[in-house]
There are 2 protein chains.
Amino acid sequence: MKPDPRRAVRPLGSHAAAARHAAHLRALNIDRVLSVAMDRPGTFTRAELIEATGLSAPTVGSLSSHLIQTGVIRDLGTGPSRGGRRPSLMEFNARHGYVAGIDLGPTRTRLAVADLRGDPIAHRIVSTPSEEEPAQLLGKIAAALRSLMDEAHVPVEGLLLVVAGAPGAVDIKNGTVAFAPNLPRWTDVAMRLLLQRALGGTPVMVENDVNLALLGEHWRGAARGHDTCAFIFVGTGIGAAILIDRELHRGNHFMAGEIGMMCMGPQYIDMDFGTRGCLETLAGLEALRARWPQAARDDPAGWLTDLIAAADAGDPHARQAVGETARLIGIATANVVTVVDPSLIVLGGAMFAQAGPLVGHVRAVVESIARTPTQVVVSALGKEAPLAGCLLVAAMEARKHLRQSLRSAAGLVRMVQ
Amino acid sequence: MKPDPRRAVRPLGSHAAAARHAAHLRALNIDRVLSVAMDRPGTFTRAELIEATGLSAPTVGSLSSHLIQTGVIRDLGTGPSRGGRRPSLMEFNARHGYVAGIDLGPTRTRLAVADLRGDPIAHRIVSTPSEEEPAQLLGKIAAALRSLMDEAHVPVEGLLLVVAGAPGAVDIKNGTVAFAPNLPRWTDVAMRLLLQRALGGTPVMVENDVNLALLGEHWRGAARGHDTCAFIFVGTGIGAAILIDRELHRGNHFMAGEIGMMCMGPQYIDMDFGTRGCLETLAGLEALRARWPQAARDDPAGWLTDLIAAADAGDPHARQAVGETARLIGIATANVVTVVDPSLIVLGGAMFAQAGPLVGHVRAVVESIARTPTQVVVSALGKEAPLAGCLLVAAMEARKHLRQSLRSAAGLVRMVQ
DNA sequence: GATAATAGTAAACCGCTTTAATTAAGTCTT
DNA sequence: AAGACTTAATTAAAGCGGTTTACTATTATC
């Protein structure tokens with residue numbers, strides 16, 4: 001382990017094994033500059049970097065030229081003067097790499113390619129019938145993503161990361177889908193492995209789709225500025241996602257927020273719980289449909305709209321069906337509010353997509369129970385929320401990785417020369 | 001804002017405004033060494049610091065002498081040889097400062113003084129009848145703390161921080177007790193301000209006592225190693241504390257975990273909720289007592305023991321009272337498990353202090369509902385848990401503050417000389 | 001057009017850490 | 001018991017990187 005004192009003299013300016021901790025300082029500063037640069041929506045100057053980072057002008061100058069050389073930052077020439085020498089404008093090169101998002105759904109899957117800001121470049125919807133084998137579906141999705149990138153002239157080798165969302169219990173550590181209630185074939189599927197293989201080795205991350213929807217809403221939707229909030233998804237299944245201090249809370253077994261299994265009262269506990277007594281079976285879409293006898297006569301897609309219309313018109317049966325459902329969802333929501341105390345609850349999923357009045361019911365129930373002034377709003381991004389979350393996570397992770405690789409490659413690139 | 005170039009020549013070796021960012025590097029390393037030193041339970045050598053911090057020998061040497069000079073680290077002379085020159089032993093000086101903890105209770109208040117490891121030096125219990133004015137009580141507590149320190153020969157000026165726990169809603173930002181269900185006089189009490197004044201200016205932090213109990217259990221009790229877990233407190237009131245990744249989760253209005261207000265089913269929602277329909281009124285100590293007609297005849301302290309004994313003996317009334325209570329607590333616990341997905345639940349409070357069998361009931365209910373294998377155990381520290389949490393928080397915060405002050409005072413202290 | 005303000009670069013300096021060499025004080029082997 | 005080897009800690013020299021200071025370039029303002 002001892003270094004051989006007789007080893008070859010280190011060449012002047014050699015990068016390897018340079019003073020480790022002075023280099024660490026430089027790495028920190030590269031990170032600082034890059035963070036500022038990436039978060040700026042538009043162009044910026046060296047002077048602005050000095051202001052924002054607190055570093056001195058020569059340091060910022062040196063780091064800027066280094067980062068321009070690597071291509072992460074682009075030089076845009078001189079800008080308008082503000083009463084003196086004209087500044088040279090720079091911009092974070094959001095196309096220094098690309099990311100993709102995949103929102104796997106029970107019948108349709110949404111794809112998108114985006115730049116490093118997360119801004120979508122192209123998107124597409126492919127049909128993914130749940131009868132097909134997961135491996136086949138993932139192959140189909142990968143092929144669609146490739147053709148999408150081709151059409152958008154995004155180079156394959158530029159794809160840095162793909163984030164995929166799946167409904168159900170996702171083990172983000174192993175990248176597997178443990179089980180998905182509405183996708184019976186998706187049990188213990190190594191989604192990350194299969195996708196990564198089908199994509200020729202591109203890194204893949206897998207996450208629960210409700211979690212991604214919440215991140216999407218927090219980024220560009222109804223939850224902007226709410227750093228501790230929750231998303232309550234009600235469709236055929238019921239689930240919640242929880243954001244705490246801007247971080248997803250997933251729980252010890254990746255089961256945090258799986259409120260479909262919540263017990264709604266002592267009277268339900270002796271039933272065969274899980275098939276009859278839990279929230280999902282009492283207040284999911286199927287349960288609501290069962291409360292509305294006319295549903296069977298209508299088409300499978302439009303019954304909810306009809307039910308809501310009937311309730312609005314004053315039909316007592318419809319009103320009761322909606323009221324009972326909203327009451328249960330409201331209690332569950334209030335329980336989340338009581339335990340987590342978020343500043344906002346976002347309601348989403350098919351139950352709320354067309355059913356505006358339901359939101360009001362739920363809000364009223366929450367307000368009558370909870371002791372905190374928690375806002376209850378409906379999703380702003382709707383079906384696009386999980387995909388937006390995919391792109392956000394992908395862009396953020398890719399940027400983090402980029403910063404790390406630039407830090408460790410902190411060369412000596414002396415100014416000019 | 002521009003520095004005057006003609007300003008007086010800076011004296012050689014002046015600390016102020018030295019090269020800012022090289023000094024920052026030193027500050028980081030001081031922090032690193034101190035963190036290692038503080039976390040070592042016993043003595044350590046320079047060689048061990050080199051190993052643990054990854055820094056070079058000269059750096060560790062320089063930092064060690066500096067820290068010994070300041071007194072945070074003590075030199076213990078040479079230790080036993082391990083086949084070469086004998087190392088010089090050092091030790092974190094846990095008495096470089098002191099902290100105190102105060103666990104305010106409805107009838108009794110626990111006090112303790114501890115060193116910077118959080119190890120108690122002396123403790124005491126003072127009676128604090130809830131009829132008295134908060135300001136008076138706090139004065140009494142402060143006086144008791146002073147006399148306790150006096151007896152233990154702890155210098156007053158060495159007291160760095162006091163952490164106090166209170167039952168009820170505590171605003172840790174402002175250091176106020178918004179309200180405490182069992183302490184009617186404690187509404188909007190500026191506890192931090194009053195205590196700090198009564199103690200002559202010593203910094204004070206205030207925190208909810210259930211939160212502190214959870215931290216105590218995580219530190220030295222039943223929750224050791226469980227970085228995401230919860231404490232469910234059941235006494236006259238009911239409340240929960242939530243730990244997520246070793247950090248307390250307090251919520252947006254400091255109301256996270258206030259499950260006393262949890263709604264236990266749709267049938268309760270139309271009652272005047274809060275006084276009849278919520279968990280606390282259905283399953284708190286008072287509710288259990290009401291379910292047991294014989295309670296009135298017994299003494300106010302021992303009825304719970306008698307009730308449990310009767311239930312154990314097979315008394316059907318007693319069994320039903322216990323069963324109904326445990327079922328409700330179990331559902332609430334399961335709701336917490338569902339939402340948070342912790343690895344462990346700790347049950348504490350008067351309800352479980354003498355009532356071992358109740359824990360089994362609750363565990364069974366949780367297991368029948370929750371879909372995750374979450375352990376349910378009883379508190380290991382009992383009534384001492386909040387005080388332990390006080391001392392932990394106080395010691396940790398004091399150490400953090402100490403590290404910061406030593407970092408910013410990173411002098412030039414050249415070795416020897 | 002002189003002046004002041006803004007933007008950026010070059011050179012000197014300085015603190016901190018590292019590597020390398022040295023001192024110190026033992027244990028182990030033959 | 002003498003020499004060889006280990007382990008611990010200090011001293012010396014060298015280099016890296018950031019800041020300060022000084023200087024150049026460019027342009028709006030008076």
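Sequence lines set the chain letters: A, B, ... in the order given, protein chains first and strands last, and positions in each chain run from 1.
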Could you check whether any side-chain N or O of [X] sits under 3.5 Å from a backbone N or O of [Y], counting only pairs where one atom can act as donor and the other as acceptor?
| X | Y | result |
| --- | --- | --- |
| B:N93 | B:G71 | yes |
| A:S62 | A:P58 | no |
| A:T228 | A:D245 | yes |
| B:E217 | B:L381 | yes |

Measure the distance from [atom1] on [X] to [atom2] on [N] and round it to the nearest whole Å.
| X | N | atom1 | atom2 | answer |
| --- | --- | --- | --- | --- |
| B:L25 | D:dT19 | CG | P | 12 Å |
| B:R86 | C:dT23 | CZ | P | 21 Å |
| A:L28 | C:dC16 | CG | C1' | 14 Å |
| B:L89 | D:dT7 | CG | P | 17 Å |
| B:L63 | C:dT18 | CG | C1' | 13 Å |

With side chains defined as the heavy atoms from C-beta onward, is the minimum distance between A:I121 and A:R95 less than 4.5 Å? yes

Would you tell me if any nitrogen or oxygen in the side chain of [X] comes within less than 4.0 Å of OP1 or OP2 on [N]?
| X | N | result |
| --- | --- | --- |
| B:R82 | D:dA8 | yes |
| A:N29 | D:dG18 | yes |
| B:R26 | C:dT17 | yes |
| B:T78 | C:dA25 | no |
| B:S88 | D:dA9 | yes |
| B:T59 | C:dT18 | yes |

Sequence neighbours excluded, which residues qualify as salt bridge (charged side-chain N to carboxylate O under 4.0 Å, His left out) partners of B:R192? none

Among residues 42-53 of chain A, which contact DNA chain C at a heavy-atom distance under 4.0 Å? A:R46, A:A47

A:E397: partners by side-chain hydrogen bond (donor to acceptor under 3.5 Å, both in side chains), with sequence neighbours left out: A:K400

By side-chain hydrogen bond (donor to acceptor under 3.5 Å, both in side chains), A:E51 pairs with (sequence neighbours left out) none

If you check the [X] side chain, which of [options] turns out closest?
| X | options | answer |
| --- | --- | --- |
| B:P87 | D:dA8, C:dA7, D:dT10 | D:dA8 |
| B:P58 | D:dA12, C:dT17, D:dT19 | D:dA12 |
| A:L55 | D:dA8, C:dT17, D:dT19 | D:dT19 |

Using a heavy-atom cut-off of under 4.0 Å over every strand shown, decide if A:S81 touches base, sugar-phosphate, or nothing. sugar-phosphate

Taking donor-acceptor contacts at under 3.5 Å, does the side chain of B:R85 reach the base of C:dA25? no

Heavy atoms of B:V206 and B:G175 approach each other most closely as CG2-O, 4.0 Å

Hey, which of these two, B:M90 or A:S56, hits DNA chain D nearer its 5' end, going by closest nucleotide? B:M90

Please write out each protein N/O paired with an N/O of nucleotides 2-4 of chain C under 3.5 Å, distance rounded to 0.1 Å.
none

What pairs of donor and acceptor atoms, side-chain ones from residues 42-49 of chain B against any protein atom, are under 3.5 angstrom apart with sequence neighbours left out?
unit_1 : atom_1 : unit_2 : atom_2 : d
B:T45  : OG1    : B:A47  : N      : 3.3
B:T45  : OG1    : B:E48  : N      : 3.1
B:R46  : NH1    : B:S88  : OG     : 2.8
B:E48  : OE1    : B:R40  : NH1    : 3.2

